Amino acid sequence: MPRPLALRLLEAAPLLLFLAVILLFGTQSAGFLTAANAAQILAQAAPTVIVAVGMTFVLLTAGVDLSVGALMFIGAGVAGHLAIAGYPLPVSIAVMVAIGVAGGGVNALLVSRFGLVPFVATLATLYIGRGLGRWITETRAMNLPESFLVIGASEPLGLPLPVWAAAAVAVAGQCVLSTTPFGRYLYALGADPEGARKAGLPTRRLIAAVYVISGACAGLGGLLALARLGAVSPRFGEFYEFDAITASVLGGTSLYGGRGRVLPDTVVGALLIKTIFSGLVSVQADPYLYPLITATIIFLAVAVDSARSRLAARLTRRVIRVDA
Amino acid sequence: MNAAVAMAGIQKAFGGVPVLRGITLEVAPGSILGLVGENGAGKSTLMNILGGNVQPDAGSISVGGQPFSPRTPADARTAGIAFVHQELTLFGNLTIAENLHLTRFPRRWGLPWIDRRASVRQAADLLARVGLSQRADMLVERLTAGERQLVEIARAIGAQARVLILDEPTTSLGAVERGRLLSLLRELQDAGLAIIFISHELSEVLQICDSVVVLRDGQVAGTGSASTFSVQSLVALMVGREVRQLYPPVRAPGNQEPLLEVRRLGEPSVAHEISLTLHRGEMLGVFGLMGAGRSELARMLFGLDRHTSGDVLLEGRPLSGGPAQRIRRGLAFVTEDRRQDGLCLEAPVADNMTLVHLAALTRTPLRLIDRAALRAEVARMSTDVRLTRAAPHLPAGRLSGGNQQKVILAKWLLRPPRVLILDEPTRGIDVGARGEIYELLHRLADTGTGVLVISSELEELTGICDRILVMRQGEIGGEFPRDRFVREDLLRAALPVRVSG
Ligand SMILES: Nc1ncnc2c1ncn2[C@@H]1O[C@H](COP(=O)(O)OP(=O)(O)OP(=O)(O)O)[C@@H](O)[C@H]1O
Ligand SMILES: [Mg+2]
């Protein structure tokens with residue numbers, strides 16, 4: 001049975017919203033619809049996309065990772081020190097990702113081994129991570145040497161390197177989710193944890209894995225954010241957890257687990273948020289409006305999502321009889 | 001020759017309450033063992049021990065002559081044990097093929113990727129064996145309970161196990177699917193599998209099994225070759241006493257006052273011009289094959305699904321709105337999928353039972369819940385549905401499957417509804433309790449409630465109903481008053497009509 005038009009429209013809602021936003025700002029501001037601005041938005045969105053990919057993995061298991069921003073902060077602090085001390089760039093990169101993995105490992109331990117509720121466990125690591133980060137940076141802004149900005153500045157094939165990195169992570173993430181047993185296990189686990197256990201899936205290891213993946217993505221995302229900014233401020237990485245969750249949910253990932261995709265959904269969600277904020281800047285909107293607008297977007301996303309599932313349930317009902 | 005499975009002296013207690021007290025049984029390769037017993041006798045617990053889901057307190061197991069003590073379901077799987085659980089364990093957000101291959105996805109050349117094409121092809125073969133005509137790449141959440149049960153069976157068969165455990169595999173199946181399953185089991189038996197078959201359909205058990213073990217209160221109450229038992233003797237062993245007639249005596253038909261009137265109900269590709277009248281105090285049966293649209297009709301009547309044409313009147317006034325409004329008008333609906341729609345598994349039995357009518361159990365002036373009244377009501381309903389052994393504070397999910405079903409019945413019957421719609425109400429309920437529930441339904445009808453019973457079991461319907469409607473392909477295919485209950489006629493009316501051209 002071909003999927004009805006209304007359903008397909010609702011399923012494409014994030015994408016349509018994205019196009020509408022582009023059109024809206026394009027007509028409002030002359031500089032908005034330019035290739036340079038597009039590249040700019042993509043580069044801005046790259047760290048969020050990467051963190052959101054990791055977040056989607058966690059959300060699929062009906063968990064959540066609030067610690068990503070804090071992990072970015074610790075990583076940036078340590079990498080900053082290393083860079084200033086003259087260590088070569090690859091060392092800083094490796095250390096940031098390693099710190100993300102380690103922090104994710106702590107979350108994994110708390111959730112899968114000690115059975116803590118993900119929200120609480122990662123809230124704890126969020127606070128610990130923020131504290132640790134402040135201690136490492138001595139609550140001062142750190143300016144990084146020029147060498148660090150190379151990552152953000154180089155443009156292979158006409159697009160900034162971070163954009164390529166984000167694209168690679170997103171494609172890899174989606175491949176893992178849809179084509180490997182591990183990916184399919186995550187969907188099963190998110191839909192019915194007890195059933196997954198009965199089916200003999202390694203549920204603890206799966207749960208542990210998503211937090212490690214999310215941590216690694218936070219490390220990588222932090223690196224890209226750092227390469228863009230060139231400095232570590234005491235507020236580095238703040239609100240990344242919310243951006244990442246919003247991006248995933250906007251794209252259609254369910255907070256109850258078992259539903260969601262990285263490509264195109266989460267990526268579209270992330271681009272949508274960044275485009276809106278970039279657009280607001282370009283039309284010089286009142287900064288006090290930003291939170292209101294964020295709230296509206298989230299509300300819209302949730303409304304569309306529930307309309308979509310209701311319509312899907314009705315339209316894809318089984319055919320019992322063939323009506324003439 | 002070694003037994004495929006031998007369990008000896010198995011004991012298990014939950015929270016100090018003994019559930020299994022030294023069970024010993026054996027299954028030979030190429031044979032089918034029937035495991036029967038009342039609800040809560042410990043059948044599923046015993047099999048969960050064999051399947052690695054539950055750890056025994058004492059006793060030993062051997063599989064193929066080797067000592068075996070599974071700690072996880074994965075251990076049991078590696079030992080060649082496949083398990084169809086009593087409660088469906090499929091993942092709705094995955095496709096049929098993915099569910100079938102969850103723990104052994106086909107890959108190619110050792111790559112980490114799933115070989116999707118091989119997966120779908122193998123799945124299609126398995127589906128053909130169990131007789132399910134759905135595409136293997138369809139999402140499981142779109143299947144009916146019966147179709148899911150077939151997928152579940154296909155998954156176990158596909159595991160190429162040496163031992164196959166089936167815990168009430170036929171509860172959601174129609175007569176045709178049951179028949180096919182039984183012949184499939186014979187095939188597997190000939191191929192040398194050891195099969196353990198749990199069912200409350202005792203005639204089915206006697207028909208397919210080589211030997212039978214009867215459990216009562218966690219002990220073996222009787223065992224022997226199937227040919228030495230009759231349905232009556234099995235029941236007597238299960239219950240510990242002689243059980244008289246399963247079905248209550250024929251009741252005098254109620255008056256002909258219409259209670260629920262359905263007029264030309266229609267919904268594209270689901271229902272066509274369905275008209276029916278349920279009278280006050282009537283027991284009306286709805287028979288049909290799997291996928292005839294019976295559950296869909298019930299869902300529309302209860303306001304869960306919408307219909308595009310026609311209307312429904314209760315006592316002459318139109319019914320509209322969702323379930324909440326219809327419950328207030330006196331409708332009650334026991335769904336076919338207890339795990340999904342019927343129960344809060346984590347909540348205590350008492351809370352589940354009183355969920356619908358909690359407002360009636362409050363005390364003025366503050367409308368706080370009257371604990372004493374609640375306890376009394378729960379005790380009364382527990383006796384009514386014969387749920388006596390279960391503690392009211394136990395989470396509903398801990399009850400045996402049949403006892404969960406009784407909790408759902410109790411929930412709706414706490415206050416007699418005007419119209420009671422039941423979709424496969426005695427699924428998984430043992431014969432003893434079944435008789436009591438039939439009587440309960442009759443008593444309810446005697447007080448004026450109209451009862452609409454959907455069932456795939458023709459015996460059940462002819463046993464308790466005053467009138468039977470037969471559905472096929474989303475429409476009413478026939479109507480039979482009690483004096484015309486002829487098995488062949490009813491079955492014929494249920495068969496799909498072939499559309500020519
Ligand atoms: N996890 C648990 N905690 C406490 N009690 C339990 C638990 N699991 C099972 N029980 C109890 O053990 C008893 C046996 O349950 P079991 O599921 O084995 O019965 P059964 O023979 O399969 O019944 P049915 O025919 O209804 O499926 C029941 O009284 C049940 O309440
Ligand atoms: Mg059971």
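To find a chain, count down the sequence lines: A is the first, B the second, and so on, and within it residues start at 1. Heavy-atom basis, side chains included; hydrogens, waters and symmetry copies ignored. What you see is a predicted model, and the numbers here were worked out from it, not measured in a lab.
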S.K.: How close do B:N53 and A:R197 get, counting heavy atoms only, and between which atoms?
M.R.: O-NH2, 4.0 Å
S.K.: Is any side-chain heavy atom of B:F91 closer than 4.5 Å to one of A:L189?
M.R.: no
S.K.: Which atoms form the tightest heavy-atom contact between B:N93 and A:A191, and what is the distance?
M.R.: OD1-CB, 3.4 Å
S.K.: Which bit of B:H101 comes within less than 4.5 Å of chain A, counting heavy atoms only: side chain, backbone, both or neither?
M.R.: neither
S.K.: Does any non-hydrogen side-chain atom of B:T89 lie less than 4.5 Å from one of A:E194?
M.R.: no
S.K.: Which value, rounded to the nearest 0.5 Å, describes the distance between A:Y185 atom OH and B:T103 atom OG1?
M.R.: 6.5 Å
S.K.: Strictly below 4.0 Å, N to O, side chains only: are A:K198 and B:E152 in salt-bridge contact?
M.R.: no
S.K.: Donor-acceptor check, side chain of B:R77 to backbone of A:A199, threshold 3.5 angstrom: yes or no?
M.R.: yes
S.K.: Tell me, for B:T72 versus chain A, whether the close heavy atoms (under 4.5 Å) come from the side chain, the backbone, both or neither.
M.R.: neither
S.K.: With a sphere of 6.0 Å drawn around CZ of A:F119, does it hold more than 12 non-hydrogen atoms of other residues, nucleotides or ligands?
M.R.: no
S.K.: Can you name the closest pair of heavy atoms from B:W113 and A:T179 and give their distance?
M.R.: CD1-OG1, 2.7 Å
S.K.: If every non-hydrogen atom of B:P112 is compared with every non-hydrogen atom of A:P181, which pair is closest and at what distance?
M.R.: O-CD, 3.4 Å
